[in-house]
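All residue numbers in this chain count up from 1 along the given sequence. Indexing begins at 1, ligand by ligand and atom by atom, following the structure's order. Remember, it's a predicted structure, so these values are computed and weren't measured experimentally.
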Amino acid sequence: MDTKYIFVTGGVVSSLGKGIISSSLARLLLSRGYRVTIQKFDPYINIDPGTLNPYEHGECYVTADGHEADLDLGHYERFMDTQTSRANNVTTGRIYQSVIDKERRGDYLGKTVQIIPHITDEIKRNVKLLGNTGKYDFVITEIGGTVGDIESTPYLEAVRQLRWELGQNALCIHLTYVPYLRAAKELKTKPTQHSVKLLQEVGIQPDILVLRTEKELPASMRRKVAQFCNVAPDAVIQSIDVPTIYRVPLTMHAQHLDEIVLRKMGIEPQGEPDLERWNHFLDKIAGAEKEVKIGLVGKYVELQDAYKSINESLFQAATYLDHKLALHYIHSEKLTAANADEKLSGMDGIIIAPGFGQRGIEGKFNALKWCREHDVPTFGICLGMQCMVIEFARNVLGMEDANSTEMDTKTPYNVIDLMEEQKSISNMGGTMRLGAYDCVLLPDSIAAKAYGATHVRERHRHRFEFNDEYRERFEQGGMKCVGENPDTHLVEVVEIPGKRWFVGTQYHPEYQSTVLHPNPLFLDFVKAAIAYGEEKNNQL
Ligand code: GLN
């Protein structure tokens with residue numbers, strides 16, 4: 001079968017959940033036995049989101065092959081249960097960089113290099129890269145931004161051309177928003193009509209419309225939209241708010257999105273998608289009654305998306321353990337030694353978040369001292385692990401002012417420091433230790449028991465490392481380095497044996513936790529938190 005290309009565009013407003021719709025469609029097609037991937041084309045000029053502050057664009061996701069990617073790739077992996085790569089996320093910056101490199105090499109043979117055809121051709125080449133591998137039946141391409149934005153214009157032109165060239169092997173799904181005006185008690189479809197007009201103006205007729213709405217859309221309204229927008233009535237699908245994003249594949253299937261897509265692409269759907277394991281997870285979400293309270297100590301607590309993958313990993317773990325996740329964000333800048341007890345004592349487990357820079361760091365030390373002394377299940381991730389090491393150095397090993405050289409270049413105890421090869425790097429973009437690396441774990445460590453393995457591979461995104469010169473002093477003092485990279489011997493995991501659960505990972509396990517395969521370390525942490533919560537309750 002020829003590779004089929006599905007384009008997902010968005011209109012009216014941003015943040016409608018194109019990523020969730022793309023992921024849900026991918027889930028349905030995968031569950032029908034097709035080979036599917038999703039890619040995201042982002043119209044901004046940054047080469048990748050690695051240099052973007054979380055305030056701009058939420059969490060930066062990392063693929064196994066070491067690409068700093070848009071957080072939507074996290075959704076893709078969590079829904080699809082397969083890995084993405086650098087090729088799954090392209091930005092305008094990458095497109096232009098590649099065209100300019102070709103121009104400098106003389107590849108254009110003296111031609112004037114222009115947006116059409118050179119930029120659009122480069123976009124088209126990238127759209128087809130994964131499809132050309134022969135590994136996929138369907139390539140879903142999500143176009144970032146909103147129709148009508150100046151910066152998405154070349155992408156839409158590329159989509160227009162591809163639809164023309166690919167015929168029935170290409171299809172466009174347009175996602176819009178139907179607002180509800182409370183004063184008038186009415187749902188309004190005019191913005192959708194305008195948005196489709198904008199698409200038509202650039203020569204794209206959407207095949208399917210997905211309408212985001214907070215209220216049920218009456219059939220008459222869907223018919224009206226179909227009529228105004230040249231779309232078949234059954235291809236106007238509503239995406240109503242649901243309690244969990246993981247239910248969206250079902251709401252899409254209930255309206256036959258997968259069948260409509262297949263038929264429009266010349267495939268007669270056979271049978272039903274096999275969603276047994278997916279439904280099992282949804283049943284667990286619905287059945288969970290008891291709560292597990294996790295506190296996440298970080299500095300971006302006001303941002304819903306800054307710790308997206310951690311949030312989802314915790315949710316998956318809690319769900320499999322038949323619990324509801326009550327996640328409490330605790331602002332590290334406001335956490336002092338004096339208020340630690342008040343802010344943390346209600347929690348069953350504490351996560352110390354990843355991050356960069358000085359802001360909020362003292363709050364993380366205060367939290368860690370309290371957690372260590374009160375023996376609360378504690379999980380430090382990346383900077384969180386580095387903070388565990390620093391706090392232990394300062395308060396247990398007596399190394400006053402120990403620090404990471406990221407925060408204090410003159411610290412007398414540089415327990416966290418740059419690796420030699422990082423010292424000469426001055427470019428910020430794409431130069432960290434990125435992507436999946438091997439880690440060998442000591443067999444009797446909490447981590448090894450959690451994974452049920454002594455050899456794991458997890459993803460990294462950091463510049464600084466545990467300073468090996470101090471390893472012996474830590475080990476003698478009671479903090480063990482239980483995981484290391486087999487090639488470089490860099491420390492990957494630290495633990496304090498004898499505590500309920502006190503584990504820090506230099507890597508980010510949250511990048512590898514999917515609905516069908518929750519990350520074992522998160523499962524074990526949440527399990528320990530549940531046990532501790534029950535223990536506390538029994539003492540009351
Ligand atoms: N800032 C730290 C480093 O670069 C930790 C990074 C992180 O938490 N992702 O090493």
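- The 12-atom threshold is not exceeded at CZ of Arg104, counting heavy atoms of other residues, nucleotides or ligands nearer than 6.0 Å.
- Close approach of ligand 1 to Pro354 (heavy-atom distance below 4.0 Å) involves ligand atoms 8 (O).
- Summary of contacts: the protein heavy atom closest to atom 4 (O) of ligand 1 is Arg463 N, 2.9 Å.
- Using a 30° and 60° split on the angle between ring planes, Phe79 and His75 fall in the perpendicular class, above 60°.
- Ion pairing of Glu391 with Arg394 is absent here, as no side-chain N (NZ or NE/NH1/NH2) approaches a carboxylate O to less than 4.0 Å.
- Counting heavy atoms under 4.0 Å from ligand 1, residue Glu465 does not touch it at all.
- The main-chain N or O of Phe464 is found under 3.5 Å from a side-chain atom of Gln386 such that the two form a donor-acceptor pair.
- Using a 4.0 Å cut-off between heavy atoms, Glu406 contacts ligand 1 through its side chain alone, with no backbone atom that close.
- In terms of protein heavy-atom proximity, atom 5 (C) of ligand 1 is nearest to Gly355 O, 3.3 Å.
- Ligand-side atoms of ligand 1 in range of His462: 3 (C), 4 (O), 6 (C), 10 (O), range being under 4.0 angstrom from any heavy atom.
- Of all protein heavy atoms, the one closest to atom 10 (O) of ligand 1 is Phe464 N, 2.8 Å.
- The ligand atoms of ligand 1 that sit less than 4.0 angstrom from a heavy atom of Leu383 are 5 (C), 7 (C), 8 (O).
- For Glu373, the CD atom counts as densely surrounded, since its 6.0 Å shell holds more than 12 non-hydrogen atoms of other residues, nucleotides or ligands.
- Summarising the local packing, CD of Gln358 is surrounded by more than 12 heavy atoms from other residues, nucleotides or ligands at distances under 6.0 Å.
- Residue-ligand proximity, Cys382 to ligand 1, at heavy-atom distances under 4.0 Å covers atoms 5 (C), 6 (C), 7 (C), 8 (O), 9 (N).
- Ligand 1 places these atoms under 4.0 Å from at least one heavy atom of Arg461: 6 (C), 7 (C), 9 (N).
- Each of the atoms 9 (N) of ligand 1 lies under 4.0 Å from some heavy atom of His508.
- Of the charged side-chain nitrogens involved, none lies within less than 4.0 Å of a carboxylate oxygen, so that Glu510 and Arg461 do not count as a salt-bridged pair.
- Considering backbone and side-chain N/O atoms, Ile381 never comes within less than 3.5 Å of an N/O atom of ligand 1.
- Under the 30°/60° scheme for interplanar angles, the aromatic rings of Tyr329 and Tyr307 are found to lie parallel.
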